[in-house]
Amino acid sequence: MTERVVTWFSDSMTHADVSPAQSPSPAPGGDDAAALIAAGGAHLGIELGSTRIKAALVDGTGAVLATGSHAWENELVGEIWTYSLDAVWAGIRDCYADLARDVRAQHGTELTALGGLGISAMMHGYLALDADGEQLAEFRTWRNTFTTEAAALLSETLAQNIPLRWSISHLLHAVQQGEEHVERLDFLTTLAGYVHWRLTGRKVLGVGDASGMFPIGSSGDAFDAELLERTSALEPIAAMPWSLPDLLPEVLVAGQDAGHLTAEGAALLDPTGMLQPGAITAPPEGDAGTGMVATQAVEPRTGNVSAGTSAFAMVVLEGPLSGPREEIDLVTTPSGHPVAMIHTNNCTTDLDAWLGLFSQFAELIGAPQSAEDLYGALFSAGADGDADAGGVLTYNYISGEHQTGVASGRPLLVREQSARFTLENFMRAQLYGAFGALAVGMDALLKDEGVRLDVMYAHGGIFRTRGVAQQVLADALGVPVALGESAGEGGAWGMALLAAHTARTAAADGAASGVADGSGATAVGGAQSLSAYLDEIVFAGQDITTRSPDTAGREGHTTWLGAYRDGLPLARRAGDLLH
């Protein structure tokens with residue numbers, strides 16, 4: 001039996017419907033943009049997110065020329081959260097067609113060629129293929145948390161935290177369970193890596209996405225060879241007929257040539273035949289990496305928060321941590337710099353469900369509200385709530401939450417005996433709850449590990465209602481939170497920037513090639529590094545709004561978070577009692 005699960009509320013009304021984002025920089029004039037597109041000089045980024053596939057077409061400076069999107073849903077097939085590959089390709093084609101329509105509407109021309117192309121998608125998970133390229137098992141997304149035994153064995157063997165959702169955890173789990181398909185494995189990759197392979201024929205992966213499959217070595221440009229050997233020596237893996245390194249994709253860093261769009265790939269994107277092959281492609285990346293690019297958080301002591309169905313905070317490190325921490329993943333930027341990642345499985349879905357309820361109530365009383373008005377009014381009410389949310393607690397666990405030890409999610413609204421239960425405090429608690437598990441993980445990084453962080457950049461739909469969620473997050477983390485003009489553009493725009501950077505690198509070198517230096521920074525021939533490209537070309541002159549922690553807000557959130565921690569046994573028990 002297949003249960004279809006809608007992860008956003010009625011009629012797809014979500015944060016993305018609120019306050020349309022501005023382009024990060026002004027797009028070229030109509031004639032110039034049309035000429036650029038017609039000449040095949042624009043760069044396309046496509047990101048397959050949890051609830052929406054998005055496309056962004058940009059020029060070389062990152063100015064957005066056109067966009068496209070497609071809404072989709074994950075499915076719970078048996079015990080596995082998944083998307084079918086048919087849904088993947090149908091969604092990509094629909095998203096591209098929507099982009100092409102936008103190009104025609106805005107610029108009066110057809111999209112027939114691209115300067116650069118990049119694919120990104122939700123990180124982690126398990127996409128297993130045989131020697132003929134046929135799928136062997138359901139695509140297992142990051143949302144699946146049944147790999148506890150495998151992840152624990154890997155963490156012990158490698159002396160590094162290996163999360164439940166990482167690809168290697170899923171692989172070892174499948175082997176341990178004796179799943180029929182494992183002996184026929186030939187290629188293991190992520191969703192972005194799979195789509196990229198079908199478009200280009202190259203089995204490669206950007207280092208940021210690769211770092212969510214298996215640990216990256218100190219060079220910042222390849223899987224850790226020693227840890228591969230240790231994993232390969234584990235009895236279940238050693239008994240397999242394949243070699244673990246041979247299963248994994250080749251790792252590339254930002255700016256390197258990841259192949260070119262083939263004729264078959266162009267037909268997959270655009271069945272009309274208008275799109276021609278030949279575009280150079282960027283290494284496929286994960287949504288964490290594109291979020292860092294989209295917020296310019298690629299240098300040490302910077303970080304970013306991406307908030308949507310799930311949330312993750314990425315903090316670029318100055319040095320190693322004290323040791324393995326279950327709360328903290330070690331991944332990389334798209335250029336190979338080490339990054340501490342705090343990932344939560346839940347963020348805005350429960351909040352959106354509550355606002356969907358308010359939307360239905362408004363309709364019931366004959367006063368329907370637009371998404372923008374509804375979110376604006378209710379978020380503003382939350383800003384007026386008590387700093388400690390008046391003793392109102394929310395646990396937004398649609399699915400299990402590893403950060404807080406909740407195995408199976410059941411959303412809860414709880415209030416203390418003496419709670420001040422007002423609309424303002426209810427909404428304040430909802431906003432706090434969206435970042436609750438993230439705040440628990442960030443405490444481990446900033447307080448326990450003493451990691452220094454100058455600024456946290458934020459992006460995602462929840463921040464489109466300006467100032468409210470931004471201030472909540474600053475108070476929750478105790479660090480300044482910055483919001484740029486690109487905050488609502490998200491990962492598709494970040495991937496388009498990586499595609500533009502790859503094309504610029506190839507043009508600067510006279511050939512599409514690149515290497516990484518020992519520091520993990522991109523040093524690709526005579527071209528700009530990714531950091532320099534973002535700083536000098538894309539974000540130069542962009543308006544940034546920064547909110548610093550408010551003393552009362554910080555103290556109130558600390559009180560709220562203490563009660564949240566105390567109430568976690570309720571959230572854990574709910575999964576056992578409610579079905």
Side-chain angles (χ1 to χ4, degrees), residues 3 5 7-9 50 74 76 79 81 141-148 151-152 161 163-165 305 307-313 325-329 342-357 382 385 388-421 425-445 462 469 472-473 476-477 556-579:
E3 176 187 356
V5 179
T7 53
W8 297 87
F9 64 71
S50 297
N74 57 185
L76 187 62
E79 298 296 321
W81 290 103
T141 75
W142 54 270
R143 204 169 190 175
N144 294 287
T145 56
F146 47 67
T147 60
T148 304
N161 177 43
L164 303 178
R165 64 190 178 281
V305 168
T309 303
S310 63
F312 43 80
R325 303 265 326 205
E326 188 175 349
E327 310 96 324
I328 302 170
D329 302 1
I342 307 295
H343 181 276
T344 66
N345 288 343
N346 302 279
C347 185
T348 61
T349 305
D350 189 46
L351 172 62
D352 285 321
W354 278 107
L355 269 69
L357 192 69
D388 64 355
V392 181
L393 299 172
T394 58
Y395 297 90
N396 64 338
Y397 303 157
I398 300 294
S399 59
E401 187 54 73
H402 62 283
Q403 283 291 346
T404 52
V406 175
S408 184
R410 303 292 186 275
L412 298 176
L413 172 66
V414 185
R415 46 193 166 120
E416 298 171 352
Q417 190 72 28
S418 58
R420 298 174 296 282
F421 192 51
N425 285 337
F426 169 82
M427 282 306 303
R428 170 76 72 141
Q430 289 293 332
L431 291 165
Y432 279 172
F435 299 115
L438 189 74
V440 171
M442 286 297 292
D443 268 3
L445 183 65
I462 194 171
V472 164
L473 187 61
L477 303 185
H557 183 271
T558 299
T559 300
W560 183 89
L561 190 63
Y564 178 89
R565 290 179 187 270
D566 291 342
L568 283 171
L570 293 172
R572 297 177 186 126
R573 189 71 176 128
D576 297 329
L577 298 177
L578 303 176
H579 301 284

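Values below: all heavy atoms of this structure, side chains included; hydrogens, waters and symmetry mates excluded.
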Any side-chain heavy atom of [X] sitting closer than 4.5 Å to one from [Y]?
X: Trp142; Y: Asn345; value: yes
X: Val305; Y: Met442; value: no
X: Val392; Y: Phe421; value: yes
X: Gln430; Y: Trp354; value: yes

side-chain contact (heavy atoms from CB on, under 4.5 Å) between Leu413 and Phe426, worked out:
CA-CA 9 Å; Leu413 172 66; Phe426 169 82; 3.9 Å; yes
Sidechain-backbone polar pair: [X] side chain, [Y] backbone, donor-acceptor under 3.5 Å:
X: Thr348; Y: Gly308; value: yes
X: Asn425; Y: Gly385; value: no
X: His343; Y: His402; value: no

Which atom pair, heavy atoms only, marks the closest approach of [X] to [Y]?
X: Gly436; Y: Leu561; value: O-CD1, 4.1 Å
X: Asp329; Y: Pro163; value: OD1-CG, 3.1 Å
X: Ala419; Y: Gly391; value: CB-O, 3.7 Å
X: Glu327; Y: Gln403; value: O-NE2, 2.8 Å
X: Ile328; Y: Ile342; value: CG1-CD1, 3.6 Å
X: Gly382; Y: Arg428; value: O-NE, 3.0 Å

Could I get the full list of ring pair (Phe, Tyr, Trp, His ring centres under 6.0 Å) partners for Tyr564, not counting sequence neighbours?
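Tyr395, Trp560.
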For atom CZ of Arg415, decide whether the heavy atoms of other residues, nucleotides or ligands shown that lie under 6.0 angstrom number more than 12.
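No, not enclosed.
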Approximate separation, where rounding is to 0.5 Å, of Phe435 CZ and Asn396 CG:
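Rounded to the nearest 0.5 Å, the CZ-CG separation comes out at 10.0 Å.
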Results of salt bridge (charged side-chain N to carboxylate O under 4.0 Å, His left out) for Asp350 - residues two or more places apart only:
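If we apply the salt bridge (charged side-chain N to carboxylate O under 4.0 Å, His left out) test to Asp350, skipping adjacent residues, there are no hits.
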What do the steps show when you test Tyr432 against Thr394 for side-chain contact (heavy atoms from CB on, under 4.5 Å), and what is the final call?
CA-CA 8 Å; Tyr432 279 172; Thr394 58; 5.9 Å; no
Name each donor-acceptor pair under 3.5 Å that joins a side chain in residues 568-578 to protein atoms two or more places apart or in another chain, with its distance.
{"residue": "Arg572", "atom": "NE", "partner": "Thr404", "partner atom": "O", "Å": "3.1"}
{"residue": "Arg572", "atom": "NE", "partner": "Gly405", "partner atom": "O", "Å": "3.3"}
{"residue": "Arg572", "atom": "NH2", "partner": "Thr404", "partner atom": "O", "Å": "2.8"}

Show the numbers, then the answer: is there a side-chain contact (heavy atoms from CB on, under 4.5 Å) between Asn74 and Thr141?
CA-CA 9 Å; Asn74 57 185; Thr141 75; 5.6 Å; no
Working note: Asn161 + Arg325, criterion side-chain contact (heavy atoms from CB on, under 4.5 Å); need CA distance, chi angles, decisive distance, verdict.
CA-CA 6 Å; Asn161 177 43; Arg325 303 265 326 205; 5.9 Å; no
